[in-house]
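The sequence lines fix the lettering, A, B, ..., with proteins before strands; numbering per chain opens at 1. Values below: every heavy atom of this structure, side chains too, minus hydrogens, waters and symmetry copies.
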Number of protein chains: 2
Amino acid sequence: MSRADQTQTAVLGALSVLPMTGYALREEIRAVLGHFWSESFGQIYPALAELERQQLIERRGADGSRSSVFAITPAGTARLRELLSAPVQPVRPRNGLLLRLFFGRQLGPEACRTLIKDARAQAEAQLADLAAARAESQEGGEHPQDSGYWMLTISAGEHAARAAIAWADESLAALSTVEQQAPPSAGSLPESHPDTPHPPAKEHP
Amino acid sequence: MSRADQTQTAVLGALSVLPMTGYALREEIRAVLGHFWSESFGQIYPALAELERQQLIERRGADGSRSSVFAITPAGTARLRELLSAPVQPVRPRNGLLLRLFFGRQLGPEACRTLIKDARAQAEAQLADLAAARAESQEGGEHPQDSGYWMLTISAGEHAARAAIAWADESLAALSTVEQQAPPSAGSLPESHPDTPHPPAKEHP
DNA sequence: AATATCATGTAACATGTTACATGATTGG
DNA sequence: CCAATCATGTAACATGTTACATGATATT
């Protein structure tokens, strides 16, 4: 699957659940797929235009005039299955948090701790979001056929978030053992004695 | 931090550990930061040129002539700390595996199971890689000052990989309970045509 | 009547990847 | 000498984001 097709996959997939407008599409993608997927405005409309040109979706004047609801066609459903069957596009990782921690000596332990605490808080928030999504999906039950699959994605997010929290706690503990190490001397200064504002930390045994 | 600066951060960071050529830089980034970061060739050289122009790094004719080793300057170290202190760039998620599973009904349980098994295998492989990296970092010990921080990134990868494995096992079990559900009718059949926004459900008997 | 939201789009920009071109050095 | 690898770069392409322009519809 070429990369461009990924947007088409998401759009076709969403329309396979329910016909909607481009605007609603973006809202739904943000709200429902947001945990693991994102599309920007500038991609959705071109994708819709292209899909319509290929007759994989069709536009229906919803009731009177303006707002056009897009619905998937049989050919579109076939194409969706084809796209979903294509190998998963490997993602090039770019984790800004870990990049900063890797060069953590330049930042010093205090700043690193802050970064980790922030990440932990984010994971907690994520967990709360997912709990809400899980409840909604299980109760509302408008799409019982899909909800089993949707649960898989929610569960994936929960596992990842819990792992992040566990890692953060472990890391905060580990960081206290390097606390006494000062960051290396500033670029323009010769090495001065370590004058970190941190009180002496406990050595690890 | 603008996005472009992220490459500069990685390059400056790597050179802060050890001066090296652009080629070696790419190899090191791939080998050492590979678990959480990536840079493509086409970005490294322009970044090096720009950093040299700003005198944040300097080029040294290594021994005789050709291969130029880049070394960070004091100003470069200062800039690195500035970059590392900037807020982490939020990443827009794009998880192709979860996208496929979310629309799993179109694929059917068997294909989904395969996807999950593949993901599990990948996580296992990742875990093995990280174990090797951990061993190397702990024994080799060429950079004792940094190794504590490096361990944090390895640990993050391990937590994530273990979470992925646990999720996969759980999901494979869950999927067996939806096993009997057939994927919805093929694209050419009338049920999936938009005339009926919700294709009739084939409930399990 | 004024404001907020829905709705569709485009253009400019930013970012990132791939393939290619070029040549030096090294090891067999 | 030949092949592999090291080394530096560029250009074309692919992808993705942001800001803007426009106007309808609904709400207050």
Side-chain angles (χ1 to χ4, degrees), chain A residues 1-11 14-15 19-31 33-34 37-53 57-71 83 89-96 99, chain B residues 1-11 14-15 19-31 33-34 37-53 57-71 83 89-96 99:
Chain A
M1 192 192 310
S2 84
R3 243 166 154 171
D5 293 335
Q6 304 240 124
T7 295
Q8 294 199 0
T9 308
V11 168
L15 293 181
M20 53 188 133
T21 69
Y23 188 87
L25 204 45
R26 184 245 205 156
E27 292 302 304
E28 288 299 309
I29 288 176
R30 205 161 50 84
L33 309 186
W37 201 259
S38 66
E39 292 291 348
S40 73
F41 239 41
Q43 284 176 275
I44 288 178
Y45 282 111
L48 283 172
E50 176 60 19
L51 289 172
E52 190 183 18
R53 198 188 64 70
I57 61 176
E58 60 186 23
R59 188 189 297 245
R60 302 197 188 149
D63 21 32
S65 52
R66 219 177 59 75
S67 81
S68 44
V69 170
F70 294 93
L83 287 171
Q89 193 82 10
V91 175
R92 313 270 288 216
R94 280 210 142 189
N95 186 322
L99 185 70
Chain B
M1 190 193 313
S2 83
R3 243 162 156 178
D5 293 335
Q6 305 239 124
T7 295
Q8 294 199 1
T9 308
V11 168
L15 294 182
M20 53 189 134
T21 68
Y23 188 89
L25 205 45
R26 185 245 204 156
E27 292 303 304
E28 288 300 309
I29 287 177
R30 205 161 51 83
L33 309 186
W37 200 259
S38 66
E39 293 291 348
S40 73
F41 240 41
Q43 284 176 274
I44 288 178
Y45 283 110
L48 283 172
E50 175 60 19
L51 288 172
E52 190 183 18
R53 197 189 65 72
I57 61 177
E58 59 186 22
R59 190 188 295 244
R60 301 191 188 152
D63 23 33
S65 53
R66 219 179 60 74
S67 82
S68 43
V69 169
F70 295 92
L83 288 170
Q89 193 82 11
V91 175
R92 314 271 291 221
R94 280 211 141 188
N95 186 322
L99 185 69

Query - Heavy-atom side-chain proximity of A:Leu48 to A:Phe70 below 4.5 angstrom - result: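 They are in side-chain contact.
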
Query - Non-hydrogen side-chain atoms of B:Val91 and A:Asn95 separated by less than 4.5 Å - result: no

Query - By side-chain contact (heavy atoms from CB on, under 4.5 Å) - contacts of A:Phe41 (at least two apart) - result: A:Tyr23, A:Arg26, A:Tyr45

Query - Those residues that, when tested against B:Ala71, pass side-chain contact (heavy atoms from CB on, under 4.5 Å) (two or more places apart) - result: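 Testing B:Ala71 for side-chain contact (heavy atoms from CB on, under 4.5 Å), a comparison that skips the adjacent residues, returns B:Pro19, B:Arg60.
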
Query raised in the report: Of all of residues 38-46 of chain A, which get a heavy atom below 4.0 angstrom from DNA chain C, listed by number?
Result: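 The answer is A:Phe41, A:Tyr45.
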
Between atom [atom1] in [X] and atom [atom2] in [N], what is the gap in whole Å?
| X | N | atom1 | atom2 | answer |
| --- | --- | --- | --- | --- |
| A:Arg92 | D:dG16 | CZ | P | 14 Å |
| A:Leu48 | C:dG9 | CG | C1' | 11 Å |
| A:Glu52 | C:dT8 | CD | C1' | 12 Å |
| B:Gln6 | C:dT15 | CD | C1' | 11 Å |
| B:Glu50 | D:dT8 | CD | P | 18 Å |
| B:Leu51 | D:dT8 | CG | P | 14 Å |
| A:Trp37 | D:dT17 | CH2 | P | 11 Å |
| A:Arg30 | C:dT5 | CZ | C1' | 13 Å |

Report task. Indicate, with a heavy-atom threshold strictly under 4.0 Å, whether B:Arg26 touches base, sugar-phosphate, or nothing. Result -> nothing

Query raised in the report: Who pairs with A:Glu52 by salt bridge (charged side-chain N to carboxylate O under 4.0 Å, His left out), at least two apart in sequence or on another chain?
Result: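 Listed in chain order: A:Arg59.
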
Requested in this report: Using side chain to side chain donor-acceptor pair (under 3.5 Å) as the criterion, list what pairs up with B:Glu58, not counting sequence neighbours.
Outcome: none

**Report entry** Those residues that, when tested against A:Arg30, pass side chain to side chain donor-acceptor pair (under 3.5 Å) (two or more places apart)
**Finding:** A:Glu27

Query raised in the report: In terms of side-chain heavy atoms of A:Arg94, which of C:dT8, C:dG16, D:dT8 is nearest?
Result: C:dG16

Query - A:Tyr23, nearest nucleotide to its side chain (from C:dC6, D:dC6, D:dG9) - result: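 Of the candidates, C:dC6 comes closest.
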
Query raised in the report: Could you give the angle between the helix axes at the two ends of the helix from C:dA1-D:dT28 to C:dG28-D:dC1, with five pairs per end, rounded to 10 degrees?
Result: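 Comparing the first five pairs with the last five, the axes sit 20° apart.
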
Query raised in the report: Given D:dC6, is OP1 or OP2 found less than 4.0 Å from the side-chain N or O atoms of B:Thr21?
Result: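 Negative; the distance criterion is not met.
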
Query raised in the report: Is the distance from OP1 or OP2 of D:dT8 to the nearest side-chain N or O of B:Ser68 less than 4.0 Å?
Result: yes

Requested in this report: Could you note down all residue pairs passing salt bridge (charged side-chain N to carboxylate O under 4.0 Å, His left out) where residues 37-48 of chain A supplies at least one of them, sequence neighbours left out?
Outcome: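 Qualifying pairs, neighbours excluded: A:Glu39-B:Arg94.
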
Report task. Search all heavy atoms of A:Ala14 against all heavy atoms of A:Leu25 and return the closest pair with its distance. Result ->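 Result for this residue pair: CB-CD1, 3.6 Å.
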
